[in-house]
Amino acid sequence: MKRLNYSEIMVRYGELSTKGKNRKGFIMQLAQNVRSTLQEFPMIKIKADRDRMHLLLNGADSQAVIEKLQKVFGIQNFSPSIRVPKEIPALIDAVQMMMKEIYTGVESFKITAKRSDHDFVQTSEELNLTLGNAVIDLFPDIKVQMKRPDINLRVEIRLDAAYLSYETIQGAGGLPVGTSGRGMLMLSGGIDSPVAGYFAMKRGVEIEAVHFASPPYTSEQALQKAKDLTAKLAPYVGSIQFIEVPFTEVQEEIKKVVPQGYWMTITRRMMLRLTDAICQLRNGLIILNGESLGQVASQTLQSMVAINEVTNRPVVRPVATMDKLEIIEVAQQIDTFELAIQPFEDCCTIFAPPQPKTRPKLEKVYLYEERLDIEGMMQRALANLKISTITASSLSQNTEEFEDLL
Ligand code: ATP
Ligand code: MG
């Protein structure tokens, strides 16, 4: 079936319809998110009521709008429609025109008419007949089918006009981003953390990406890769703040004074301390990361306990219990996988000890941390954060260069 150029899109809300008193806030947030996702189409008018949201396209390219709308969380599904004057001849014309566009000669069909204007000249049943007959006049061989027809052409008679639609497009589900508060996503250049960020946004969390960079040990490309991964997540929200944390001093110091077996544990504790402080500074509520149970040394339960000990703030790990293959599947869906497997070393791989402790002991951790100027290093890192705004169009164009390097 082909798609038409539509004049309106009717949006059905997702889970938010169950949120009682908060409903208004949810709908307003969703309207705001839709507005920012569609900011390149200023002509679009958004009308949100309790049950539905209507986008009046005013000439905007409906296919481009549909693609963007499919990424907005909080939308169950939506139906693009065309607006027609409320007169029988105009309706017949429009229905026939629509069927000519979409019917390929094999589908079954039905008309589903509905009226919110009860003064309209025909009842819903009469309309079903009138318009159904108009279709049969056009395609005498077409099959009418009431149960699960291939084409269900909906006709809605509203006060201002009539609206025709035939397709329902799946939305992204979830909750509108921003309705759950803000969280700091620890974003490396790997496969897992972008997926974690995607899941967090899907549950309404507004994320900011925190990335630790250790130049010159980590390259400009590794940093760009983290930004590009953020750009891949941006279409779900419009834009994401990217916070680059200078981490060289911390890593050099740890390497100098801490025995190898504890590099990883103490490095991770420093990352978490810093993310916690950034969370505080930027009014975040929680920390998110891409840890997955048992994947590597830092992700044994014992390691997690030793690392997590530096904060009381909830650390949410959206992919903690997923298998690597399941995470990869999502990464492919959201198109972060190809980027994530590009071979740029991040700060953890470069300073990775040959044998990190998988069961670190806290007494030892305390002992080694005494050798570090934790406060001072944190202050210096926090004083030199580099914050930038990433949008979908921030994506660098050098994917081919990446391939050359492989
Ligand atoms: P990922 O695929 O997300 O890199 P991973 O399986 O490679 O995860 P680790 O490298 O051990 O696992 O990192 C675990 C988590 O720690 C990451 O998912 C991320 O949340 C955080 N992390 C690691 N390195 C960095 C970094 N350089 N900047 C920010 N966060 C990081
Ligand atoms: Mg990693």
Side-chain angles (χ1 to χ4, degrees), residues 183-200 205 207-215 217-230 232-233 240-248 250-251 254 263-279 286-301 303-304 306-308 310-311 315-332 334 336-353 356-358 360 381 385-386:
M184 298 295 131
L185 169 69
M186 300 172 73
L187 184 109
S188 60
I191 298 168
D192 305 324
S193 40
V195 172
Y198 166 79
F199 282 133
V205 181
I207 57 166
E208 295 193 346
V210 177
H211 177 74
F212 295 85
S214 303
Y217 307 104
T218 59
S219 62
E220 193 56 40
Q221 286 108 313
L223 174 66
Q224 188 56 45
K225 178 178 164 189
K227 288 185 176 174
D228 282 349
L229 286 168
T230 308
K232 290 280 185 190
L233 297 177
I240 296 176
Q241 296 302 303
F242 182 91
I243 304 163
E244 178 190 342
V245 190
F247 203 51
T248 314
V250 173
Q251 293 209 284
I254 290 174
W263 285 359
M264 183 274 296
T265 311
I266 291 177
T267 305
R268 295 297 166 139
R269 283 167 63 93
M270 286 305 296
M271 279 190 179
L272 197 55
R273 282 190 181 102
L274 280 161
T275 309
D276 190 59
I278 293 167
C279 202
I286 59 163
I287 293 169
L288 296 138
N289 68 27
E291 286 174 343
S292 175
L293 293 180
Q295 228 188 55
V296 287
S298 60
Q299 295 168 19
T300 62
L301 293 183
S303 273
M304 220 176 248
I307 295 165
N308 212 143
V310 301
T311 180
V315 179
V316 176
R317 300 170 173 88
V319 302
T321 57
M322 287 171 75
D323 288 348
K324 192 76 193 185
L325 286 177
E326 293 170 330
I327 300 174
I328 288 176
E329 213 170 285
V330 180
Q332 281 166 335
I334 62 172
T336 52
F337 182 70
E338 288 300 319
L339 251 174
I341 58 174
Q342 303 297 333
F344 297 119
E345 306 284 314
D346 71 14
C347 59
C348 307
T349 21
I350 283 172
F351 288 90
K357 287 267 183 272
T358 51
L385 300 177
K386 283 193 202 140

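Atoms within each ligand, like the ligands themselves, are counted from 1 in listed order. All values below were derived from every heavy atom in this structure, side-chain atoms included, with hydrogens, water molecules and symmetry-related copies excluded. For reference, positions follow the sequence shown, starting with 1.
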Pair N289, R268: side-chain N/O donor-acceptor within cut-off below 3.5 Å
no
What atoms of ligand 1 come within less than 4.0 Å of a heavy atom belonging to [X]?
X: L187; result: 28 (N), 29 (C), 30 (N)
X: N289; result: 20 (O)
X: R268; result: 9 (P), 10 (O), 11 (O), 13 (O), 14 (C), 15 (C), 16 (O), 23 (C)
X: V210; result: 29 (C)
X: D192; result: 1 (P), 2 (O), 3 (O), 5 (P), 6 (O), 8 (O)

Going by distance only, is there an N or O of [X] that falls short of 3.5 Å from an N or O of ligand 1?
X: P194; value: no
X: G290; value: yes
X: M186; value: yes
X: I191; value: yes

So does [X] have more than 12 non-hydrogen atoms from other groups sitting under 6.0 Å from [atom1]?
X: E329; atom1: CD; answer: no
X: K386; atom1: NZ; answer: no
X: Q332; atom1: CD; answer: yes

What distance separates T267 OG1 from M270 CE, expressed to the nearest 0.5 Å?
9.0 Å
Side chains of C279 and I286 in contact at under 4.5 Å (non-hydrogen atoms):
no
Does the side chain of V316 come within less than 4.5 Å of V205's, by heavy atoms?
no
Tell me which part of L185 gets within contact of ligand 1: side chain, backbone, both or neither, using heavy atoms under 4.0 Å.
neither
